[in-house]
**Q** 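Could you have a look at this structure, given as structure tokens, before my questions?
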Amino acid sequence: MKRLLIPLAAAGLSAAALAVPAGAAPQWVTNDLVPKPADAYGAAAFWLDANGAALRKAAQYHWDAKDVTKVVATQSKDVPDGKPGMTAPTGAPKASKSGNVNLPKTIGKVFFLDSKGRYNWCSATAIQSRHRNLVATAGHCVYENGKDVFQKWVFVPGYYQGKAPWGVYVGAYAFTAYDLDVYDDYDGDYAFVAVHNGFSLVGQKEVGKGEFAEWAGDKWVKNEEIKKDEYDAGFAKYGSAGPYWSKDFDATPEKVGHDYSGEKILTKVEVTKADYEAAPKATADNKNGEQYEQSGPTPISQEAYKKLAAEKADGKFLGWLDVQKDKNGTETAWYETHYYVKQWVKAGKTVRYFRDHYYIGVAKDTGRLGDVVGGQGFAWNQPRGQKVTVFGYPADRHPDGDKPYSGVTPKWCSGVTANKAYQVNTFRVEEHQVLKCSMTGGADGGPWLMRYDNGKRTGYVNGVTSMFHDQDGNDRVDYISSAYFDGETAAVYDKAGYAETKKIVGPNGELLQ
């Protein structure tokens, strides 16, 4: 990065850590995600509802093949903007294993909705902070096009197939580089997000209509169909204001035979052409299933014809389609025809009766992120050429179409970063650090850990996966890159560390405001 993000007094860092130009303006950027606990409850419940259906629906943040570029070593002299520094990690035992590298408990996925309503995820890690509530990931996994924050942003450590073993942590405040936010400069493609206490849904509780109406979190109604005499007894007991009873006028009339003695109406039911031709001819008795009428052929446009043809192939269109051609075989006109058979139904609508059950979701506070899974350390202004272990959930195909990763389980790469700064000519990148690694999209946002201790499962975050590259031109990702973590990054990290967050629910599962 080229500019310092925040003045020394605001950052709270020592003069040894950062050298600040006189008169430098604060240039870190912070944005609200979901700061209120009541709103955070809804965001967490959105992802957890229906046994994590929304989590399973999400797809990896996708890099198009055309965006998989080459990196080029810069010619400028690469000088850190201050002295190197480190913040120590806090560990958490009993993590799972993958090969000969123990997976840290701190890693997981961040989930969010983009401006088009698509469900996406990236990789991320918990990182040490004074309030034990901080997540580190790529900036483009928090900010859409470097500008607006994504919606319903949550972090799920240890995520696996719709499961959140240590709860869901809703993002409250996001912090990133001024250059990423204003200039879409990927030299600042990192973000630190302060998250609320963890949250999990542990069950449901049936309540009255009044409590149900006041509940701001996850809630639903189940309708138990009952007989009329049960409804009448309940209504007599509770009165018109009773909270547990309702009735409904079914829009689907009850079918009856042609000889039904009560009041009835002759209607028509659409069938296929084949079923119509196989049906009995109409008679004076007007029996159910007899031919009723043929409607058409009716002229339609070519566009309508193509749309209906697709629906017919899926079984959604019962009518008959026809096309007229000239002597050269060119289509000139298009038609649709509908066929109907007879069906008698009772006059009026059927009344159905229900007992209504009102439920609210029972939630549990799982604690501060750092207390539950620990937090990785943080390092800045380190020499290039460091040995790092990189974790992430790769899932994208390679540009050649090969898809070796599923995104279901975390993977890792280990190696020494290049000892030069690299630029990407098609992006605003001048100072990235690079590592030989074949992980693909979905791994972006994953941590680059220096001095990774395989026993303690901790290290120092010295980068997060930002971009993917094809250096040898064989249409396969072979390098990944990260923003270089310098004094500016340290200032953003330090500022994020001051953000205080809250519990979402109380000790009895009650929603906090």
Side-chain angles (χ1 to χ4, degrees), residues 5 28-49 54-55 58 61 108-127 129-157 159 164 166-178 180-182 188-200 216-218 363 365-370 372-373 375 444-445 464 492-505 511-513:
L5 291 177
W28 49 267
V29 173
T30 181
N31 293 86
D32 288 352
L33 290 170
V34 189
K36 295 181 179 179
D39 295 332
Y41 183 107
F46 171 84
W47 292 105
L48 288 174
D49 197 24
L55 293 172
Y61 180 91
K109 290 184 178 181
V110 296
F111 293 84
F112 49 88
L113 301 183
D114 67 13
S115 58
K116 296 182 179 179
R118 292 174 297 200
Y119 297 41
N120 289 319
W121 54 259
C122 286
S123 301
T125 185
I127 190 169
S129 65
R130 55 177 55 82
H131 296 298
R132 300 204 168 195
N133 64 348
L134 214 56
V135 175
T137 188
H140 70 260
C141 297
V142 182
Y143 289 82
E144 188 164 17
N145 299 320
K147 302 296 181 183
D148 300 322
V149 291
F150 291 115
Q151 301 300 305
K152 298 187 185 301
W153 195 99
V154 301
F155 175 57
V156 184
Y159 173 82
W166 297 297
V168 167
Y169 297 79
V170 181
Y173 309 100
F175 298 81
T176 193
Y178 175 87
L180 177 70
D181 183 73
V182 175
D189 188 23
Y190 53 79
F192 301 101
V193 177
V195 297
H196 293 289
N197 275 29
F199 171 99
S200 63
D218 197 27
D365 175 70
T366 58
R368 298 187 304 180
L369 176 64
V372 177
V373 301
D444 34 342
V464 290
V492 181
Y493 165 73
D494 187 75
K495 182 64 180 179
Y498 283 103
E500 296 186 53
T501 49
K502 303 176 181 178
K503 293 182 179 180
I504 297 176
V505 293
L511 178 62
L512 302 177
Q513 300 299 318

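This chain uses plain numbering: 1 for the first residue, then up along the sequence.
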**Q** Measure the CD-CG distance between Q151 and L33 for me, rounded to the nearest 0.5 Å.
**A**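 Q151 atom CD to L33 atom CG measures 8.5 Å (nearest 0.5 Å).
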**Q** Are L55 and W121 close enough that some pair of their side-chain heavy atoms sits under 4.5 Å apart?
**A**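 No, every pair of side-chain atoms sits at 4.5 Å or beyond.
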**Q** So which atom in L134 and which in G497 form the shortest heavy-atom distance, rounded to 0.1 Å?
**A**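 Scanning both residues completely, I find the closest heavy atoms to be CD2-N, 4.3 Å.
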**Q** Could you state the interatomic distance from CZ (R132) to CD1 (I127), rounded to the nearest 0.5 Å?
**A**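 Here the interatomic distance stands at 13.5 Å.
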**Q** Minimum heavy-atom separation for V193 to G171, with atom names?
**A**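 Shortest heavy-atom contact: CG1-CA, 3.8 Å.
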**Q** Compare every heavy atom of A43 with every heavy atom of V154, then report the nearest pair and how far apart it is.
**A**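 Reported closest heavy-atom pair: CG1-O, 4.5 Å.
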**Q** Nearest 0.5 Å, what's the CZ-NZ distance between R368 and K503?
**A**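 Interatomic distance, R368 CZ to K503 NZ, rounded to 0.5 Å: 10.5 Å.
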**Q** Would you check if the side chain of T125 reaches a backbone N or O of A136 as a donor-acceptor pair within less than 3.5 Å?
**A**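 Checked: no pair found.
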**Q** Which atoms form the tightest heavy-atom contact between A194 and A499, and what is the distance?
**A**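 Taking every non-hydrogen atom into account, CB-CB, 3.7 Å.
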**Q** Apply the ring pair (Phe, Tyr, Trp, His ring centres under 6.0 Å) test between F46 and each candidate in F111, F199, Y119; give the one that qualifies.
**A**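 With F46 as partner, F111, F199, Y119 yield a single ring pair (Phe, Tyr, Trp, His ring centres under 6.0 Å), made by Y119.
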**Q** Can you give me the closest heavy-atom contact between A496 and F192, atom names plus distance?
**A**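 The pair with the smallest heavy-atom distance is CB-CB, 3.8 Å.
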**Q** Hey, does the side chain of T176 reach the backbone of Y190 with a donor-acceptor pair shorter than 3.5 angstrom?
**A**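 It does hold such a pair.
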**Q** Looking at NE2 of H196 and OH of Y173, how far apart are the two atoms once the value is rounded to the nearest 0.5 Å?
**A**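 That separation rounds to 6.5 Å.
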**Q** Given side chains that start at C-beta, do those of N31 and Y143 come closer than 4.5 Å, heavy atoms only?
**A**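 A side-chain contact under 4.5 Å exists here.
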**Q** Main chain of N197, side chain of T501: is a donor-acceptor contact present, judged purely on distance under 3.5 Å?
**A**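 No: the side chain of T501 does not pair with the backbone of N197.
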**Q** Would you say the side chain of W153 lies within less than 4.5 Å of the side chain of V135, judging by non-hydrogen atoms?
**A**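 Yes, side chains in contact.
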**Q** When the ring planes of Y61 and F150 are compared, do they come out parallel, tilted or perpendicular, using 30° and 60° as the limits?
**A**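 Aromatic pair Y61/F150 classed perpendicular.
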**Q** Which pair of heavy atoms, one from C122 and one from D444, lies closest together, and at what distance?
**A**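 Of all heavy-atom pairs spanning C122 and D444, the closest is CB-O, 3.4 Å.
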**Q** Taking the six-membered ring of F175 as reference, does the cationic atom of K495 (NZ for Lys, CZ for Arg) lie under 6.0 Å from its centre and within 45° of its axis?
**A**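 That pair does not qualify as a cation-pi contact.
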**Q** Do D365 side-chain atoms and V505 backbone N/O form a donor-acceptor pair below 3.5 Å?
**A**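 Checked: no pair found.
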**Q** Answer yes or no: is there a side-chain heavy-atom contact under 4.5 Å between H140 and D189?
**A**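 H140 reaches D189 side chain to side chain.
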**Q** Is the shortest side-chain heavy-atom distance between W47 and L113 below 4.5 Å?
**A**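 Touching, per the 4.5 Å side-chain cut-off.
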**Q** Do V170 and I504 have side-chain heavy atoms sitting under 4.5 Å apart?
**A**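 Yes, at least one pair of side-chain atoms sits under 4.5 Å.
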